[in-house]
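Computed from a predicted model, the values in this text were never measured in an experiment. Residue numbers begin at 1 in each chain, while the letters A, B, ... track the order of the sequences.
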Amino acid sequence: MKRLIFGIILILIPFIVTYLNPISAPSSIHSLGEFYLKDSLTSVRSPEVVTSILWDYRGLDTIFETAVFFLAIMGGLAIFRELKLKYPSWEEFPLPVKVVTKVTAVLIVTVAASLALHGQLTPGGGFQGGSTLAVAPLLVIGAVSLASLRKIGITLERAVLVRILGLTGIVILALIPLTFGGYAVQNQPYFPSEFLGTLLGGSLLWYNIFEFLAVGAGFTAVFLILAVAGGGRND
Amino acid sequence: MILLYIGAALMIIGALCDLLAGIGMLRFKNFYLRLHAATVGTVGGAVVPLIGVALAALDMPSLPGRFAIAGASFITALIILLVAPAGSTALAYAAHRSGVEGNFHFDHLRGEEK
């Protein structure tokens, strides 16, 4: 009976809240928001306003954020520096599970790449793509083994290397306009804005690619460490 | 017009499957039986209505981007169809390994009569 009353209350709450506070479109947009919405396509050359804000209007902020994330992961890896990764092979799941996991991992990598490379046109971007990418090795660790990850060439050293390459790329991209007399992290007119009729958003595409690599490799490194630090699976 | 009706019928079947899966989740006795209900919920309650959505979208000429909706629904349905059995196999295997009891007549993984 208690459950039934609780359930009825839970169902009624949304209706009551909507009745008391009817949602209506705001009568005016904040002037800064209006500026972003109107200016993004013409000055950044990207229809995706969120990515424009992240990598252009407040690009320095995002680079700082990426650096903080980089340091956090480096700190985590430093704590476990004594740990020797042995890439053990443990008792595996039945064959259908392994096969489906491998197929799914390939699909995840594809979706991650499309999220990152389309970041200047559709919702998504480097961080989202990178986080999605890191799910693939996590899935393989869980359903197959660490040994199979090493067999396809994913090791801790390589993950850290790709991560450093990604961050270096971002820093170099940020400095390129300086050498042409612009400002650091400036986008237009120093980067190509269009290719074969597709908007590239200038530097947004390149930032997204490097962020994709950095975040994906960073999470992969953390997952590799945690899979071993947690004791692996005891079989 | 016929595709729209087929799609709507599939969506209703999906809703019924979800309802049955929910009841099964609550009422079944042990883990392995509940796993059965969960798979009814994913295959019957997600794959079937997604195919219904795709068919219905194809039959609505005024809907903007209907081919994108139909394609995305078909592909999502295909991926769920692929992943759901693997997931439940993994769950059942892991549960069996960690000694979750079920009242089996025959235990294929151990290969013995109970």
Side-chain angles (χ1 to χ4, degrees), chain A residues 1-4 6-8 10-11 47-48 88-115 117-118 121-124 128 132-133 135-146 148-149 198 227 230-235, chain B residues 15 18-19 21-28 31-32 35-36 38-39 41-43 46-47 50 54 64-100 102 104 106-112:
Chain A
M1 194 60 198
K2 255 186 203 168
R3 278 191 195 173
L4 189 70
F6 186 67
I8 291 173
L10 217 60
I11 290 170
E48 174 57 30
S89 162
W90 41 55
E91 189 194 330
E92 293 175 350
F93 276 112
L95 187 66
V97 180
K98 284 197 289 177
V99 172
V100 169
T101 304
K102 284 170 188 170
V103 172
T104 317
V106 174
L107 287 176
I108 289 172
V109 172
T110 319
V111 169
S114 95
L115 269 178
L117 299 179
H118 262 229
L121 297 174
T122 49
Q128 291 85 336
T132 312
L133 178 72
V135 175
L138 182 63
L139 204 59
V140 174
I141 290 174
V144 192
S145 69
L146 271 175
S148 67
L149 262 193
T198 305
R233 268 170 26 187
N234 297 319
D235 286 313
Chain B
D18 267 337
L19 184 67
I23 294 170
M25 270 297 199
L26 282 174
R27 308 293 288 188
F28 276 153
F31 175 79
Y32 300 99
L35 199 59
H36 180 66
T39 316
T42 39
V43 176
V47 176
L50 271 173
R66 64 197 166 109
F67 290 113
I69 295 174
S73 305
F74 266 129
I75 289 181
T76 313
L78 199 71
I79 290 174
I80 296 176
L81 195 62
L82 195 73
V83 169
S88 46
T89 309
L91 275 175
Y93 185 79
H96 186 273
R97 278 286 323 224
S98 51
V100 175
F104 313 112
F106 185 81
D107 193 340
H108 282 281
L109 271 177
R110 279 209 201 99
E112 63 192 22

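For Ile108(A), the side chain to side chain contact (heavy atoms under 4.5 Å, CB included) partners two or more places apart in sequence, or in a different chain, are Thr104(A), Thr132(A), Val135(A), Ala136(A), Leu139(A). Partners of Ile69(B) by side chain to side chain contact (heavy atoms under 4.5 Å, CB included), not counting sequence neighbours, listed by chain and number: Val53(B), Ala57(B), Leu63(B), Ser73(B). His118(A) pairs by the side chain to side chain donor-acceptor pair (under 3.5 Å) definition with nothing, not counting sequence neighbours.
Scanning residues 74-91 of chain B against chain A with a 4.5 Å heavy-atom cutoff picks out Ile79(B), Leu82(B), Val83(B), Ala86(B), Thr89(B), Ala90(B), ordered by number.
Heavy atoms of Val103(A) lying under 4.5 Å from chain B belong exclusively to its side chain.
For His36(B), the NE2 atom counts as loosely surrounded, since its 6.0 Å shell holds 12 or fewer non-hydrogen atoms of other residues, nucleotides or ligands. Other residues, nucleotides and ligands contribute at most 12 non-hydrogen atoms within 6.0 Å of the CZ atom of Phe67(B).
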